[in-house]
2 protein chains.
Amino acid sequence: MFQKLHSLVEQFVSLTDSEKKEFENAFIYREVPRNFTLVHESEIADELYFINSGLLRLYYNKDGEHITAYIFREHLFSTCFQSFLEGAPGNQNLESMEDCELLVLKKDKLEELYERIPKINILVRKIAEQRFINAQRILSSFILESPEQRYKKFAQHNSDLFLRIPHHIIASYLGITPVSLSRIRKRLIESGN
Amino acid sequence: MFQKLHSLVEQFVSLTDSEKKEFENAFIYREVPRNFTLVHESEIADELYFINSGLLRLYYNKDGEHITAYIFREHLFSTCFQSFLEGAPGNQNLESMEDCELLVLKKDKLEELYERIPKINILVRKIAEQRFINAQRILSSFILESPEQRYKKFAQHNSDLFLRIPHHIIASYLGITPVSLSRIRKRLIESGN
DNA sequence: TTTGGTCATTAACTTATGTAAAGGAATCAA
DNA sequence: TTGATTCCTTTACATAAGTTAATGACCAAA
């Protein structure tokens, strides 16, 4: 149950057995079905999700259209970070794209953990730094690369997702329309990938 | 000298007088002229800069073209974060756009501070969280808005920069060419802003 | 003053993407 | 089987942005 969570934590800080126990106890196990909304943009995100299995996506609502900001895979922490960190409603929604097994950490429990195990500050600092670097990577791909280049890279690193989720979600994640994604795919196939 | 730095820190953690002293002593004062390269992409960024005065810009090098990733204003911490945090060369360069007064914190001094004043972990965690949220905001503007919309917002919040730095730098920050920036400006002026 | 460089603007042309609409494949339930 | 729904693809058209190149303004160095 907590195995993958612990191996993530171990990359950053080492906890004693009793600290591990306390850390575990701060989480709640929760299963959610496919297409379940975990956070709506009108709400304050007060939970952090560690994904044991399944896929989540973060999306913006633009005139009724759901535009994917990020796709969270297994063994990652996920939430609407802006809302969670600022304690105010943001403009992001969080939804499951598959049946999911989650480990849920309430924000007040996290605050307790900061008090009781100060090392958790280091853990969260390092996770925040990692997320920041990740956000910069994605941003730089929007700045430096064409939609076609972004598609190619995405396809290289996430070929499994083409089978797991609808293509129009991938299209919006790449910053293009489904029509354009279809054209890019056709173009690449005709030129022999 | 340290006034603005302390008021930034105070937003996140409170330090005792002796801690403040120790914190100050970790920094080195440095002046750099306009167009000075602080970090080159081939190097590891091992310094963190608090900007007392002046402007810095972070840019990518794309086939010899300098594409602006971010413009750092006075009273912000700045560096090539990816390189600084990962301890490896990245793909970002950091350069001054005006004469600058900087407070420089070497990475090993920061590591020392983590040891000697554990609260600094909280400080850096919160700064990293803030930077992360900021990166997400910029990313969402690339995802959700057209170049013209991005220009409008930028002009609203940064009208002073049009006088302080060349327009082609602003253009690259907005993800467009100088030609396109010029067209957008003309379009907006002709339609009565 | 002259020269050279940087920079913003403008024009002409090309092209990739967006929009709107339609068709077809796959899935699922009645 | 039928009908509804979702989703991917394709077509036709419009358009904003890229590319290239030319011009003129400004400024600093010789």
Side-chain angles (χ1 to χ4, degrees), chain A residues 33-36 55 57 59-60 62-68 71 95-99 141-155 158-159 161-191 193, chain B residues 33-36 55 57 59-60 62-68 71 95-99 141-155 158-159 161-191 193:
Chain A
R34 192 163 166 272
N35 293 331
F36 182 85
L55 282 177
R57 75 162 173 149
Y59 68 88
Y60 299 101
K62 187 188 182 187
D63 313 321
E65 205 185 340
H66 293 183
I67 300 188
T68 304
I71 297 167
E95 195 181 273
S96 61
M97 293 195 292
E98 295 178 345
D99 297 346
S141 79
F142 270 86
I143 293 174
L144 299 173
E145 294 164 15
S146 66
E148 183 167 323
Q149 288 172 312
R150 280 202 299 285
Y151 168 81
K152 276 189 202 165
K153 267 199 191 165
F154 180 87
N158 304 281
S159 53
L161 292 186
F162 284 94
L163 301 174
R164 291 171 74 178
I165 59 180
H167 289 189
H168 68 268
I169 289 181
I170 294 174
S172 79
Y173 178 63
L174 295 172
I176 55 178
T177 58
V179 177
S180 193
L181 175 61
S182 191
R183 278 193 287 235
I184 288 172
R185 287 164 65 84
K186 190 181 179 187
R187 211 186 298 152
L188 291 178
I189 290 169
E190 281 176 357
S191 72
N193 276 20
Chain B
R34 191 163 167 273
N35 293 331
F36 183 85
L55 282 178
R57 75 163 173 149
Y59 67 89
Y60 300 101
K62 188 190 181 185
D63 312 321
E65 203 185 341
H66 294 182
I67 300 188
T68 304
I71 297 168
E95 195 181 272
S96 61
M97 293 194 292
E98 296 178 344
D99 297 346
S141 79
F142 271 86
I143 294 174
L144 299 174
E145 293 165 16
S146 66
E148 183 168 323
Q149 288 172 312
R150 279 204 298 286
Y151 168 80
K152 277 189 199 166
K153 268 199 191 166
F154 180 87
N158 304 282
S159 54
L161 292 185
F162 283 95
L163 301 174
R164 292 172 74 177
I165 58 179
H167 289 189
H168 68 268
I169 289 181
I170 294 174
S172 80
Y173 178 63
L174 295 172
I176 55 179
T177 59
V179 177
S180 192
L181 176 60
S182 191
R183 277 192 289 234
I184 288 172
R185 287 164 65 83
K186 190 182 179 187
R187 213 185 297 151
L188 292 178
I189 290 168
E190 281 176 358
S191 71
N193 276 22

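Interatomic distance, NE2 of A/H66 versus CD of A/E95, reported as 7.0 Å (0.5 Å rounding). Remark: A/R183 CZ to A/S180 OG distance equals 5.0 Å, nearest 0.5 Å.
Between the side chain of A/T68 and the backbone N or O of A/S172, no donor-acceptor pair lies under 3.5 Å. A donor-acceptor pair is defined here as one N or O able to donate and one able to accept, closer than 3.5 Å; no such pair exists between the side chain of B/D99 and the backbone of B/P33.
Note on the helix from C/dT1-D/dA30 to C/dA30-D/dT1: terminal axis deviation equals 30°, with five pairs used at each end and the result rounded to 10°.
The interatomic distance linking A/Q149 (CD) with D/dG18 (C1') rounds to 14 Å, in whole Å. A straight line from NE2 of B/H168 to C1' of D/dA17 spans 19 Å, rounded to a whole angstrom. One can place CG of B/L163 at 16 Å from C1' of D/dC26, the figure rounded to the nearest angstrom. The distance between atom CD1 of B/I67 and atom P of D/dG18, rounded to the nearest whole Å, is 10 Å. Here D/dC27 presents its P atom at 13 Å from CZ of B/R34, a figure rounded to the nearest Å. Between the P atom of C/dC7 and the CD1 atom of B/I165 lies a distance of 12 Å, rounded to the nearest Å. In this structure, A/F162 places its CZ atom 10 Å from P of D/dT9, rounding to the nearest Å. If you take CG of B/L188 and P of C/dT9, they are 12 Å apart, rounded to a whole angstrom.
Close to D/dC7, at under 4.0 Å from its OP1 or OP2, lies no side-chain N or O of A/H167. Close to D/dA16, at under 4.0 Å from its OP1 or OP2, lies no side-chain N or O of B/K186.
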**Message:** Evaluate A/I71 against A/M97 for side chain to side chain contact (heavy atoms under 4.5 Å, CB included), listing each step before the verdict.
**Reply:** CA-CA 9 Å; A/I71 297 167; A/M97 293 195 292; 3.8 Å; yes
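Using a 4.5 Å heavy-atom threshold, the side chains of A/L174 and A/I184 count as separate.
Atom CD of A/E65 is surrounded by 12 or fewer heavy atoms from other residues, nucleotides or ligands within 6.0 Å.
Partners of A/F154 according to the ring pair (Phe, Tyr, Trp, His ring centres under 6.0 Å) rule, which considers only residues two or more places apart in sequence or in another chain, are A/F162, A/Y173.
Between A/S141 and A/R150, the side chains place no donor N or O within less than 3.5 Å of an acceptor N or O (distance only, hydrogens not considered).
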**Request:** Can you check each nucleotide of nucleotides 13-20 of chain C against protein heavy atoms at under 4.0 Å and return B for base, S for sugar-phosphate only, - for none, in 5' to 3' order?
**Result:** ----BBBB
